[in-house]
Engineer: 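The structure's right below; bear with me while I get my questions together.
Residue numbers start at 1 and run along the sequence shown.
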Amino acid sequence: MTPISEKKLFLLDIDGTICVGNRLIPGADRFLNGLAEHDGDFVFITNNTTMSVADYQKKFAKLGIPTTKENFLTASVATAHYLKQKYGTRLVYVLGTDSLIRELENFGVQTTRDPKTEGIACVLASYDNELTYQKLVDICRLLSEHPELDYAATNPDYVCPIEFGYVPDCGSICEMIERAVHRTPTYIGKPGTRMIEMALAMTGCSRDEAVLVGDRLYTDIACANMAGVSAVLVLSGESTREDLRNSQYLAEYVYPSVKEMYAEWMYGQRKKCS
């Protein structure tokens with residue numbers, strides 16, 4: 001197994017890996033701020049669609065982490081690329097946050113929240129922290145009365161970690177919809193490999209130089225396995241060592257958190273310099 005110190009590009013999940021809610025996981029600040037001193041780099045590849053890239057930059061600035069827009073590839077961005085490529089200027093009905101809709105429209109995706117709008121080509125579901133029963137009725141009506149419509153979703157995560165535990169994420173919302181209308185969406189984010197491919201192309205790094213770091217087996221680690229890059233499972237979020245032992249997915253490295261991973265990476269850098 002290649003030592004973690006040989007990795008140059010860290011593809012990072014955010015929720016449960018770097019942050020819990022608006023709090024940095026201990027050691028994450030030293031890790032993110034220290035990588036560049038030894039020619040390391042990072043790109044966040046997150047399934048969280050509640051915030052735009054600009055929102056994330058502001059959030060991390062408040063946490064003492066300077067970033068650029070090139071440090072972020074979100075499921076919102078990946079979804080925007082997918083929708084724009086597949087539907088062009090055709091209309092997409094969105095169940096999701098204002099931030100998601102702004103991000104989609106920034107990429108030229110035509111959106112609506114009105115299920116009665118003419119010309120809808122695709123129905124998109126996502127995490128929505130302002131979800132109402134009426135929104136569920138609207139999307140179920142669209143999918144039931146118009147079976148010809150394509151149905152997509154930003155990400156399959158069942159839960160989103162916050163300070164007190166977890167709340168339902170996009171995958172849970174979609175499962176509820178599926179129980180009602182018997183339709184499963186095409187998921188865009190992890191474990192799909194689109195964001196990894198975009199990150200490698202953007203940075204010029206090879207698969208061997210990259211490692212994906214995350215806390216979820218069925219999205220983060222599965223994504224790494226499908227993309228052919230190494231995987232780090234951190235135990236600061238959803239998954240446990242027992243989950244890994246019983247999983248079909250392979251993580252080459254396991255750490256309690258990014259703090260311990262960074263300590264091992266730094267040890268390797270110092271050895272190279274000695």
Side-chain angles (χ1 to χ4, degrees), residues 11-19 44-51 72-83 85-86 92-97 99-101 103-104 122-129 131 135-136 139-140 142-143 149-162 165-199 212-229 231-234 237-240 243-244 246-251:
L11 304 171
L12 304 172
D13 177 53
I14 295 178
D15 300 301
T17 300
I18 298 296
C19 297
F44 291 115
I45 55 170
T46 176
N47 274 354
N48 191 327
T49 59
T50 63
M51 301 174 69
F72 298 92
L73 283 173
T74 68
S76 300
V77 172
T79 298
H81 279 270
Y82 170 85
L83 294 173
Q85 184 179 43
K86 188 165 185 180
V92 178
Y93 174 85
V94 181
L95 184 154
T97 63
S99 178
L100 170 64
I101 289 175
E103 199 83 320
L104 295 177
C122 177
V123 175
L124 177 71
S126 184
Y127 174 83
D128 188 349
N129 55 6
L131 183 66
K135 289 182 179 181
L136 292 171
I139 194 170
C140 286
L142 265 175
L143 293 171
L149 291 178
D150 289 345
Y151 178 30
T154 53
N155 60 290
D157 302 63
Y158 289 119
V159 295
C160 180
I162 58 175
Y166 298 94
V167 293
D169 204 334
C170 180
S172 294
I173 294 170
C174 290
E175 195 161 287
M176 180 166 52
I177 294 167
E178 182 180 354
R179 294 280 184 176
V181 302
H182 307 293
R183 288 195 63 180
T184 303
T186 298
Y187 288 106
I188 311 302
K190 297 176 291 184
T193 62
R194 182 180 294 263
M195 285 188 283
I196 288 184
E197 301 298 339
M198 292 171 70
L212 189 152
V213 185
D215 69 302
R216 294 183 181 182
L217 291 163
Y218 63 94
T219 54
D220 300 319
I221 308 307
C223 178
N225 290 176
M226 286 192 281
V229 302
V232 169
L233 178 68
V234 288
E238 185 176 323
S239 300
T240 65
D243 292 333
L244 180 60
N246 296 325
S247 174
Q248 62 181 305
Y249 305 114
L250 172 66

Engineer: Find the distance between CG (Leu104) and OH (Tyr82) and round it off to the nearest 0.5 Å.
Structural biologist: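 Separation between the atoms: 13.0 Å.
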
Engineer: Which heavy-atom pair separates Asp15 from Asp215 by the least distance, and what is that distance?
Structural biologist: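 Closest heavy-atom pair between Asp15 and Asp215: O-OD1, 3.2 Å.
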
Engineer: For Ser247 versus Leu217, what's the shortest heavy-atom pair and its separation?
Structural biologist: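 Scanning both residues completely, I find the closest heavy atoms to be CB-CD1, 3.9 Å.
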
Engineer: Identify the two heavy atoms, one from Thr154 and one from Ala75, that lie closest to each other, and give their separation to 0.1 Å.
Structural biologist: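 Scanning both residues completely, I find the closest heavy atoms to be O-CB, 4.0 Å.
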
Engineer: Using side-chain hydrogen bond (donor to acceptor under 3.5 Å, both in side chains) as the criterion, list what pairs up with Asn129, not counting sequence neighbours.
Structural biologist: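 Listed in chain order: nothing, the list is empty.
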
Engineer: So which heavy atom on Ile177 is nearest to which on Cys140, and how close?
Structural biologist: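 Taking Ile177 first and Cys140 second, the nearest heavy atoms are CG2-SG, 4.2 Å.
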
Engineer: Could you grab the distance from atom CD of Glu238 to atom OG1 of Thr17, nearest 0.5 Å is fine?
Structural biologist: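 Glu238 atom CD to Thr17 atom OG1 measures 10.5 Å (nearest 0.5 Å).
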
Engineer: Got a second to check how far Ser76's OG is from Met51's CE, nearest 0.5 Å?
Structural biologist: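 Spacing of OG (Ser76) from CE (Met51) equals 10.5 Å.
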
Engineer: Report yes if the side chains of Ser239 and Leu244 come closer than 4.5 Å at any heavy-atom pair, otherwise no.
Structural biologist: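 Heavy-atom side-chain distance check fails, nothing below 4.5 Å.
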
Engineer: With sequence neighbours excluded, tell me which residues meet ring pair (Phe, Tyr, Trp, His ring centres under 6.0 Å) with Phe44.
Structural biologist: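 Residues passing ring pair (Phe, Tyr, Trp, His ring centres under 6.0 Å) with Phe44: Phe42, Phe60, Phe72.
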
Engineer: Just to verify, what does Thr219 make a side-chain hydrogen bond (donor to acceptor under 3.5 Å, both in side chains) with, not counting sequence neighbours?
Structural biologist: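 For Thr219 there are no side-chain hydrogen bond (donor to acceptor under 3.5 Å, both in side chains) partners, ignoring immediate neighbours.
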
Engineer: Pick one: which of Leu131, Val123, Leu100 meets side-chain contact (heavy atoms from CB on, under 4.5 Å) with Leu95?
Structural biologist: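 Looking at Leu131, Val123, Leu100, the match for Leu95 under the side-chain contact (heavy atoms from CB on, under 4.5 Å) is Leu131.
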
Engineer: Give me the atom names and distance for the closest heavy-atom approach of Gly16 to Val234.
Structural biologist: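 Reported closest heavy-atom pair: O-CG2, 4.4 Å.
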
Engineer: Verify, without hydrogens or angle tests, whether Asn225 (side chain) and Ala222 (backbone) share a donor-acceptor contact under 3.5 angstrom.
Structural biologist: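 A pair under 3.5 Å: no.
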
Engineer: Are any non-hydrogen side-chain atoms of Asn47 and Arg216 less than 4.5 angstrom apart?
Structural biologist: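 No; the side chains remain at least 4.5 Å from each other.
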
Engineer: If only side-chain N and O atoms count, and only distance matters, is there a donor-acceptor pair under 3.5 Å linking Asn48 with Thr50?
Structural biologist: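 Yes - a donor-acceptor pair under 3.5 Å links their side chains.
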
Engineer: Just to verify, what does Asp13 make a salt bridge (charged side-chain N to carboxylate O under 4.0 Å, His left out) with, not counting sequence neighbours?
Structural biologist: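 Expected list: Lys190.
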
Engineer: Just to verify, what does Met176 make a side-chain contact (heavy atoms from CB on, under 4.5 Å) with, not counting sequence neighbours?
Structural biologist: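 Scan of Met176 (side-chain contact (heavy atoms from CB on, under 4.5 Å), adjacent residues dropped) gives Leu136.
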
Engineer: Can you sort out the partners of Asp169 under salt bridge (charged side-chain N to carboxylate O under 4.0 Å, His left out), two or more places apart, ordered by chain and number?
Structural biologist: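 With neighbours one apart ignored, the set is empty.
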
Engineer: For Tyr218, check ring pair (Phe, Tyr, Trp, His ring centres under 6.0 Å) against everything at least two apart and list the hits.
Structural biologist: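 Tyr218: ring pair (Phe, Tyr, Trp, His ring centres under 6.0 Å) contacts with Tyr158.
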
Engineer: Sequence neighbours excluded, which residues qualify as salt bridge (charged side-chain N to carboxylate O under 4.0 Å, His left out) partners of Glu197?
Structural biologist: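 Residues passing salt bridge (charged side-chain N to carboxylate O under 4.0 Å, His left out) with Glu197: Arg207.
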
Engineer: Could you check whether Ser126 and Thr49, counting side-chain N and O atoms only, form a donor-acceptor pair closer than 3.5 Å?
Structural biologist: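 Judged by distance alone, the side chains do pair up.
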
Engineer: Can you see which heavy atom on Tyr151 is nearest to which on Cys174, and at what distance?
Structural biologist: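 Heavy atoms only, the tightest pair is OH-SG, 3.9 Å.
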
Engineer: Would you say the side chain of Cys170 lies within less than 4.5 Å of the side chain of Pro156, judging by non-hydrogen atoms?
Structural biologist: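 No - every pair of side-chain heavy atoms lies 4.5 Å or more apart.
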
Engineer: Is there side-chain contact between Arg194 and Met198, with heavy atoms separated by less than 4.5 Å?
Structural biologist: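 Arg194 vs Met198: side chains touch.
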
Engineer: Going by the rule side-chain hydrogen bond (donor to acceptor under 3.5 Å, both in side chains), which residues pair with Ser99 if we only count those two or more places apart in sequence or in a different chain?
Structural biologist: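 Applying side-chain hydrogen bond (donor to acceptor under 3.5 Å, both in side chains) to Ser99 gives Asp55.
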
Engineer: Would you confirm whether Thr193, through its side chain, and Ile196, through its main-chain N or O, come within 3.5 Å as a donor-acceptor pair?
Structural biologist: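 Judged by distance alone, no pair lies under 3.5 Å.
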
Engineer: Holding to side-chain hydrogen bond (donor to acceptor under 3.5 Å, both in side chains), I want the full list of residues that pass it with Asp128, two or more places apart in sequence or in another chain.
Structural biologist: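 Lys135.
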
Engineer: With a 4.5 Å cut-off on side-chain heavy atoms, are Tyr249 and Asp220 touching?
Structural biologist: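 Answer no - side chains too far apart.
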
Engineer: Could you state the interatomic distance from SG (Cys160) to OH (Tyr127), rounded to the nearest 0.5 Å?
Structural biologist: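 Here the rounded value is 5.5 Å.
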
Engineer: Find the distance between CG (Asn155) and OG1 (Thr46) and round it off to the nearest 0.5 Å.
Structural biologist: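 Output value for this atom pair is 8.0 Å.
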
Engineer: Counting C-beta onward and ignoring hydrogens, is there a side-chain heavy-atom pair between Ile45 and Leu12 closer than 4.5 Å?
Structural biologist: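 Answer no - side chains too far apart.
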
Engineer: Enumerate, atom names and distances included, each donor-acceptor pair closer than 3.5 Å involving a side-chain atom of residues 182-189, sequence neighbours excluded.
Structural biologist:
| unit_1 | atom_1 | unit_2 | atom_2 | d |
| --- | --- | --- | --- | --- |
| Arg183 | NH1 | Pro147 | O | 3.4 |
| Arg183 | NH1 | Leu149 | O | 3.1 |
| Arg183 | NH2 | Leu149 | O | 2.8 |
| Thr184 | OG1 | Glu178 | OE2 | 3.0 |

